Number of protein chains: 2
Amino acid sequence: MPSLADLIEQYIKKLIQESEDRVVEIQRNELAEKLRCVPSQINYVLATRFTLEHGYLIESRRGGGGYIRIIKIADQDREAFYQRIFGAIGDAVSESKAREIIKALYEAGSITEREKRLLTIAVDRKVLQVPLPYRDELRALLLKSMLAGVLNAEEGN
Amino acid sequence: MPSLADLIEQYIKKLIQESEDRVVEIQRNELAEKLRCVPSQINYVLATRFTLEHGYLIESRRGGGGYIRIIKIADQDREAFYQRIFGAIGDAVSESKAREIIKALYEAGSITEREKRLLTIAVDRKVLQVPLPYRDELRALLLKSMLAGVLNAEEGN
DNA sequence: ACCTCATCTGACTTTGTTTGACTTTTACTT
DNA sequence: AAGTAAAAGTCAAACAAAGTCAGATGAGGT
């Protein structure tokens with residue numbers, strides 16, 4: 001039973017995949033109507049799942065002929081992509097944010113499904129049994145270390 | 001007279017058996033209603049009978065569209081294999097011992113090289129920055145959890 | 001009867017989603 | 001230039017889950 005937000009997310013991602021240039025332009029009201037939700041629900045989804053950290057840019061325009069344009073960032077090279085990922089993790093990261101990052105990596109084809117699962121578990125609060133201010137820091141360090149090890153190993157040897 | 005907790009346990013196990021992939025997804029409130037108990041009773045059962053040591057992984061999500069997913073990590077055949085590894089790890093494990101176990105799994109072909117690298121980093125004392133009696137416990141839980149998640153994926157999907 | 005441990009409950013918390021009323025911006029019309 | 005309608009944006013409140021925890025209750029062992 002995926003939530004409405006999940007459905008909207010999937011729908012938009014499908015549109016982007018089908019697009020030639022990773023850019024998709026929608027009309028908020030029209031999309032809301034098609035997916036049977038209130039228009040502001042679209043904003044919620046964009047705000048929670050299509051942020052810069054997730055690798056997307058949003059441009060929009062109001063008024064007659066208005067639109068929302070969703071752009072999937074094309075990272076120049078792996079470096080830029082990883083830069084963005086590591087920046088998003090920072091010195092401390094919540095479980096949900098970590099999960100989103102891992103998901104993005106998987107969707108970008110940087111890690112396998114098994115690796116995704118491994119990482120997702122490593123980031124679980126039930127596993128990282130440390131009191132809270134430190135847990136997020138430990139999670140950040142752990143995730144960054146693991147990613148650093150596995151990602152830049154690709155090109156080398 | 002089986003206790004309520006026993007009934008819930010049996011019910012969930014039946015669901016898993018009937019499932020194709022040893023994974024079952026429930027809604028806590030719905031299940032609580034069906035089994036005539038308070039929702040938190042479900043948590044109690046999960047916490048006492050579906051732990052990692054029992055061979056299960058739990059994932060969940062709150063809010064609208066929330067769920068609890070229960071994953072049985074091994075079928076009968078693999079059970080012994082897990083018990084051996086989990087036994088070797090125990091409740092606390094040193095970095096060197098953890099490395100040995102990871103290496104053995106790699107040599108046995110259970111994990112890929114990248115996975116080996118991920119696991120090895122996760123188990124590094126420079127990454128697990130926690131004072132020492134706890135560090136070995138954290139490492140044990142982390143390693144067992146990660147292995148449970150990734151080894152589980154071997155056969156199917 | 002008493003003790004201990006497992007079970008059960010309910011109040012409260014946290015997280016995530018959905019909705020609708022209201023605001024702002026823009027293009028078009030007059 | 002002013003007015004109007006057509007977008008999209010904002011925000012707080014309502015709703016919908018699951019999580020936590022401490023205390024009550026119960027069952028088996030001595």
Side-chain angles (χ1 to χ4, degrees), chain A residues 1-12 24-51 53-54 56-71 93-100 103 120 123-133 135-136 139, chain B residues 1-12 24-51 53-54 56-71:
Chain A
M1 45 237 66
S3 68
L4 190 43
D6 293 335
L7 295 178
I8 296 169
E9 177 190 1
Q10 285 170 225
Y11 184 79
I12 293 173
V24 72
E25 208 169 287
I26 62 169
Q27 305 256 173
R28 192 181 72 151
N29 290 352
E30 188 186 288
L31 181 57
E33 177 131 11
K34 178 168 343 198
L35 300 183
R36 311 283 179 78
C37 64
V38 296
S40 58
Q41 179 76 1
I42 306 294
N43 296 84
Y44 174 71
V45 173
L46 294 177
T48 55
R49 291 133 142 103
F50 292 89
T51 67
E53 289 180 355
H54 291 155
Y56 296 89
L57 286 174
I58 307 293
E59 292 171 2
S60 68
R61 191 145 183 181
R62 307 186 191 190
Y67 59 84
I68 298 178
R69 186 179 301 143
I70 301 147
I71 304 157
V93 70
S94 69
E95 178 177 337
S96 55
K97 196 158 155 192
R99 278 215 218 101
E100 288 171 5
K103 181 178 166 196
T120 302
V123 121
D124 192 308
R125 67 188 172 290
K126 288 198 295 293
V127 171
L128 265 25
Q129 290 181 347
V130 172
L132 230 196
R135 195 195 307 155
D136 287 357
R139 183 182 292 117
Chain B
M1 67 231 71
S3 67
L4 221 196
D6 293 335
L7 294 178
I8 296 169
E9 178 188 2
Q10 291 315 312
Y11 185 79
I12 293 173
V24 71
E25 207 169 288
I26 62 167
Q27 305 256 169
R28 191 181 73 151
N29 291 352
E30 190 185 284
L31 182 57
E33 176 132 12
K34 179 167 343 197
L35 301 183
R36 311 285 177 78
C37 64
V38 296
S40 58
Q41 180 73 3
I42 306 293
N43 295 86
Y44 173 71
V45 173
L46 293 177
T48 56
R49 289 133 141 102
F50 291 88
T51 66
E53 277 67 29
H54 290 130
Y56 296 89
L57 286 173
I58 307 293
E59 294 170 5
S60 67
R61 192 161 153 197
R62 305 188 192 189
Y67 60 82
I68 299 178
R69 187 179 299 142
I70 301 147
I71 304 160

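These numbers come from a predicted model, not from an experiment. So you know, we letter chains A, B, ... as the sequences are listed, proteins then strands, and number each from 1.
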Next item on the list: For A/R36 and for B/V45, find the nucleotide of DNA chain C with the closest heavy atom, then tell me which residue's nucleotide is more 5'.
Entry: B/V45
Regarding [X], tell me which of base, sugar-phosphate or nothing describes its non-hydrogen contacts under 4.0 Å with the strands shown.
| X | answer |
| --- | --- |
| A/I42 | nothing |
| A/R49 | sugar-phosphate |
| B/R69 | nothing |

Item checked: Residues A/S3 and A/D6: side-chain donor-acceptor under 3.5 angstrom -> yes
Is any side-chain nitrogen or oxygen of [X] closer than 4.0 Å to OP1 or OP2 of [N]?
| X | N | result |
| --- | --- | --- |
| A/S96 | C/dT15 | no |
| A/Y44 | C/dT17 | yes |
| B/T48 | C/dA6 | no |
| A/N29 | D/dA8 | yes |

Could you tell me how far apart [X] ([atom1]) and [N] ([atom2]) are, to the nearest whole angstrom?
| X | N | atom1 | atom2 | result |
| --- | --- | --- | --- | --- |
| A/D6 | C/dT15 | CG | C1' | 14 Å |
| A/I8 | C/dG16 | CD1 | C1' | 14 Å |
| A/I68 | C/dT24 | CD1 | P | 19 Å |
| B/Y67 | D/dG19 | OH | P | 11 Å |
| A/R125 | C/dT13 | CZ | C1' | 13 Å |
| A/Q27 | D/dG9 | CD | P | 12 Å |
| A/N43 | C/dT17 | CG | C1' | 14 Å |

Check: If you find the nucleotide of DNA chain D closest to B/G64 and the one closest to B/L46, which residue's nucleotide is nearer the 5' end?
Finding: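 The 5'-side residue here is B/G64.
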Margin query: Please check: side-chain N/O of A/R139 versus main-chain N/O of A/V123, any donor-acceptor pairing under 3.5 Å?
Written below: yes
Notebook entry, point to check: Is there a donor-acceptor pair closer than 3.5 Å between any side-chain N or O of B/R61 and the backbone N or O of B/Y67?
Noted result: no
Where the side chain of [X] is defined as all heavy atoms beyond and including C-beta, which of [options] is the nearest nucleotide?
| X | options | value |
| --- | --- | --- |
| B/A5 | C/dT19, C/dC8, D/dG19 | C/dC8 |
| B/S3 | D/dA18, C/dT7, C/dT17 | C/dT7 |
| A/Q41 | C/dC8, C/dG16, C/dT18 | C/dT18 |
| B/R61 | D/dA8, C/dG16, C/dC8 | C/dG16 |
| B/V38 | C/dT23, C/dT19, C/dG10 | C/dG10 |
| A/R62 | C/dT25, D/dT20, C/dT19 | C/dT25 |
| A/S40 | D/dC11, D/dA8, D/dA17 | D/dC11 |

Check: What are the two closest heavy atoms between B/S60 and A/R99, and how far apart are they?
Finding: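 Smallest heavy-atom distance, with atoms named: O-NH2, 4.0 Å.
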Check: For A/T48 and A/H54, which heavy atoms make the closest approach, and how far apart are they?
Finding: O-CE1, 2.9 Å
Check: Is a salt bridge present between A/K34 and A/E30, judged by a nitrogen-to-oxygen distance below 4.0 Å?
Finding: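 Judged by the 4.0 Å cut-off on N to carboxylate O distance, A/K34 and A/E30 do not form a salt bridge.
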